[in-house]
Amino acid sequence: EVAPRTIKGKTYSGVKISFEDGVGDAPDDYYIAYFDQITNEMYLLLYTVTYFNGAPNEKFNALVYKDWTDVNGLRLPKTMEGYKFAADTLGEKRYERNFEDIVLAQKAFPEALFARPAKSEIDSLILKK
């Protein structure tokens, strides 16, 4: 847990999420999720990006989740907005994504659905590590 954060006059509870060394392509990345203290819906996700230079940092990007809906008994957001984040404040809105026609499958999808396409390439940054 991290200290609560007040955004636009409302206080949210927070949790820091990170990875063990050697996990994933950028194990020094971490996330701080902030939740509505009444509904427990995630409002804000702050995240770092170390993938490109590999250096840990405290510079965050921000995602805001809103317009929550019930899908088969699970609460999911209908909207995600990306923001610049500096000086402990949401800055310029960079983009918005809407999730429509949300479906939760009861069984796993076939492995072939996730197979690497024949003409795909592996990111050169991964190969350099």
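From a predicted model like this one, the values you see are computed outputs, not experimental measurements. Note: hydrogens, waters and symmetry copies are ignored here, and every other heavy atom, side chains too, is used.
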>> Distance check, rounded to the nearest 0.5 Å: S13 atom OG versus N40 atom CG?
In response: 7.5 Å
> Yes or no on ring pair (Phe, Tyr, Trp, His ring centres under 6.0 Å) for Y43 and Y12, after CA distance, side-chain angles and deciding distance?
Replying inline: CA-CA 8 Å; Y43 171 71; Y12 297 88; 4.7 Å; yes
Side-chain atoms of residues 62-71: list all donor-acceptor pairs with protein atoms under 3.5 Å, sequence neighbours left out, distances to 0.1 Å.
unit_1: K66; atom_1: NZ; unit_2: E81; atom_2: OE2; d: 2.9
unit_1: D67; atom_1: OD2; unit_2: T79; atom_2: OG1; d: 2.8
unit_1: D70; atom_1: OD1; unit_2: G73; atom_2: N; d: 3.0

> How long is the gap from NZ on K78 to CD on E100, to the nearest 0.5 Å?
Replying inline: 9.0 Å
> With sequence neighbours left out, what residues match D88 under side chain to side chain contact (heavy atoms under 4.5 Å, CB included)?
Replying inline: R5, F85
> Roughly how far, to the nearest 0.5 Å, is CG of L74 from CG of N72?
Replying inline: 8.5 Å
>> So which atom in F99 and which in P77 form the shortest heavy-atom distance, rounded to 0.1 Å?
In response: CD1-O, 3.4 Å
> Going through the checks in order, is the side chain to side chain contact (heavy atoms under 4.5 Å, CB included) test met by I32 and V15?
Replying inline: CA-CA 6 Å; I32 302 177; V15 176; over 6 Å; no
> What distance do K10 atom NZ and L44 atom CG have between them, rounded to the nearest 0.5 Å?
Replying inline: 12.5 Å
>> Do I122 and R116 make a side-chain contact, defined as non-hydrogen atoms from C-beta onward lying under 4.5 Å apart?
In response: yes
> When you measure from the side chain of T11 to the backbone N and O of T6, does any donor-acceptor pair fall under 3.5 Å?
Replying inline: no
> Shortest non-hydrogen contact from Y83 to L90?
Replying inline: CB-CD2, 3.9 Å
>> Using a 6.0 Å cut-off, check whether atom CG of L104 has over 12 heavy atoms from anything other than its own residue.
In response: yes
> Taking C-beta and beyond as the side chain, do I17 and Y30 meet within less than 4.5 Å on heavy atoms?
Replying inline: no
>> Please determine whether side chain to side chain contact (heavy atoms under 4.5 Å, CB included) holds for the pair M42 and D36, giving the CA-CA distance in whole Å, both sets of side-chain angles, and the decisive distance to 0.1 Å.
In response: CA-CA 6 Å; M42 183 170 57; D36 184 292; over 6 Å; no
>> For Y34 and L46: C-alpha separation, side-chain torsions, deciding distance, then whether side chain to side chain contact (heavy atoms under 4.5 Å, CB included) applies.
In response: CA-CA 8 Å; Y34 289 97; L46 300 179; 3.9 Å; yes
> With no hydrogens and no angle check, is any side-chain donor or acceptor of S120 less than 3.5 Å from a backbone partner on A118?
Replying inline: no
>> With a 4.5 Å cut-off on side-chain heavy atoms, are M80 and E96 touching?
In response: no
>> Determine whether a donor-acceptor pair (N or O, by modelled atom type, separation under 3.5 Å) exists between the side chain of T89 and the backbone of G91.
In response: no
>> For K84, is the NZ atom crowded, meaning more than 12 foreign heavy atoms sit under 6.0 Å from it?
In response: no
>> Which label fits F19 and Y31: parallel for a plane angle under 30°, tilted from 30 to 60°, or perpendicular past 60°?
In response: perpendicular
>> My understanding is that a hydrophobic cluster links ILVMFWY residues whose side chain heavy atoms are under 4.5 Å apart, including indirect links. Using that, what else belongs to the cluster containing F114?
In response: F109, L113
